[in-house]
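The structure appears right after this line, and notes come after that.
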Amino acid sequence: MPETFPSLNPSLRAWLQAGAAHFRPENIVVCDGSEAERERIQSAMVGDGTLIPLDPQTQPRSFLYRTDPSDVARTEHLTFICSDDRDDAGPTNNWMSPAEARTRVWPLFEGAMRGRTMYVVPYLLGPVGSIYSRVGVQITDSPYVVLSLRIMTRMGRVALQHLGAGDDFVRGIHSLGDLHPDRRFILHFPAEAEIWSIGSGYGGNALLSKKCHALRIESARARREGWLAEHMLILGITSPARVTHYVAAAFPSACGKTNLAMLVPTLPGWTIDTVGDDICWMHPGADGRLWAINPECGMFGVAPGTGPKTNPNAVRALRHDVIYTNVALRRGGRPWWEGLSKLEHGEVLDDWRGSPWVTGKASPAAHPNARFTVPLQQCPTASGTFDAPEGVPISAILFGGRRARVAPLIYEARNWAHGVYVGATLVSETTAAATGDVGVPRQDPMAMVPFCGYNMGDYFAHWLKVGKSLPRAPRIFHVNWFRTDASGRYLWPGFGDNIRVLQWIFDRLSGKASGQETPIGVVPRQEELDVEGLDLSPDRLRELLAVDREAWSQETRRVGEFLRSFGDRLPSALRNEQAVQVKRLLLAASHLN
Ligand code: OXD
Ligand code: MN
């Protein structure tokens, strides 16, 4: 076994040596991020059948990987924050004491890598040379994870160079273990900047750079240091008058974030550039604005529903160098999922488990949470500012959920504190990105419930504090593309037509649109939204923008209960916002009577 990592810095070396002694791998590979290394790992996986090469003509250098059928989504019920004090994890997180972690979970790692290779994967989150970038090192026994991290992060030598002789790196330990859900744990130690994950080889459970590091660990650090680590896309929008604004937008998983990040505007003269599709770190700048970087450099996007109509830019990004997870396979080695294309009648595919599947079968061929992993630079709209060490200045923050009723297409918060209330009371219907029921409304503040590494009451207070420190804080909006009519049909066309909503945001920023005050914030006047060319009657538009006082009173009562669950950790400013909303709804109702 193990060499002694002669080329690594002493603190990294000591940590790796202690890890190797416990995990007992057969071999150790310190990854450098090179092409040769990628080819070596790929060929070994193709050789042992764990990676399936796709048709080299139509899908160059692309592969399919299948996870264990019990391991297909993030498992929030097995995800824990390990802080000394339970209250520091708060009511939205599972908590495990560090002592229990050591007695219950650490032994599962003992000898867990026997007969396997231990890969050491140094990675950099954020642009090279940026003061905002952070180093993580993940130990893993999954070569699929190594290949994925190589796409998702700046991996290898570049990270070690950034680290230098220092020991400020996030320590991530990952082993597939025996993949049994009873022995699956994803633990976070925010104070120590450490992550332990065992028993899963899937996405956010296993690519520790993503949700575990860039969100759970960094959100806790961001609080200490005065910045924000958020579950948000970053999008540049340029108007026909060549004015550019950057927006950051938080949506719960699988609510169209990737689609919005690279939309094809249906209004002439508008262009989009994509800076990020999932995670955003925002720092107060010397100019009083918030500056955002995308810590990642790849996308781990939900495949089903991604097609030439819904997201043509994503489809273009997938022409080569993709790792697919749990999609279906057409004969001839082409990937397929629901929403990608029409199949031939009677065509037989391999479903996501590798079993034969015939068109027309009721169960889906691809797993609903099947994914593509691809470099963001392959997206035709990838931003030229993507590698900018200082990031991009954010003009507006959007919160959005999937709501069949209640929430209008768009409204703007009255000010930052009200915007924090809007974010804190975000509700969305659940999707397949996490295990559990689909379509159930769930309270998901800032789309961060699964990803906030500390008590969300303190998180709200942190948001309020950051806003106070910003002379030029972004404006805050709430959007809902998913409102339906009484028969369940979507009222808004969505996708490329969302540019019409972004245009209204531009008009609010420039002062051109006055909007209309309602008890929940400012909604567009009907004539302020450009709906030319849409099949949208004035009645349907009115329904889309409607703020129903009865529905909102109920919603506000429910939200009040949720906010009370944070007890005395709930900032008084949010208690006030809640009281103001109740009062405004009452006044509006009595005024109507
Ligand atoms: C994701 C998620 O994978 O939010 O991005 O679940
Ligand atoms: Mn996400």
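Order of appearance sets the numbers: ligands from 1, and atoms from 1 within every ligand. Given the structure is predicted, the values throughout are model-derived calculations rather than measurements.
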Q | Electrostatic pair Asp168:Arg221 at N-O distance under 4.0 angstrom | A | yes

Q) Does some side-chain heavy atom of Thr140 sit less than 4.5 Å from a side-chain heavy atom of Val146? A) yes

Q: Take the Mn ion (ligand 2) as the vertex and measure to NZ of Lys211 and NE2 of His231; round to 10°.
A: 90°

Q) In Asp278, the N, O or S atom nearest to the Mn ion (ligand 2) is which? A) OD1

Q) Taking C-beta and beyond as the side chain, do Arg134 and Glu218 meet within less than 4.5 Å on heavy atoms? A) yes

Q. In Å, rounded to the nearest 0.5 Å, how long is the span from CD of Glu390 to OH of Tyr132?
A. 8.5 Å

**Q.** Contacting atoms of ligand 1, where contact means under 4.0 angstrom from a heavy atom of Asp278
**A.** 5 (O)

Q.
Any salt bridge linking Asp387 with Arg154? Criterion: basic side-chain nitrogen under 4.0 Å from a carboxylate oxygen.
A. yes

Q) Is Lys257 in contact with ligand 1, taking contact as a heavy-atom separation below 4.0 Å? A) no

Q.
Test your reading of the structure: does Lys210 have an N or O sitting under 3.5 Å from an N or O of ligand 1?
A. no

Q) Mind checking whether the Mn ion (ligand 2) has an N, O or S of Phe451 under 2.8 Å? A) no

Q: Classify the contact between Tyr202 and ligand 1 as side chain, backbone, both or neither, using a heavy-atom distance cut-off of under 4.0 Å.
A: neither

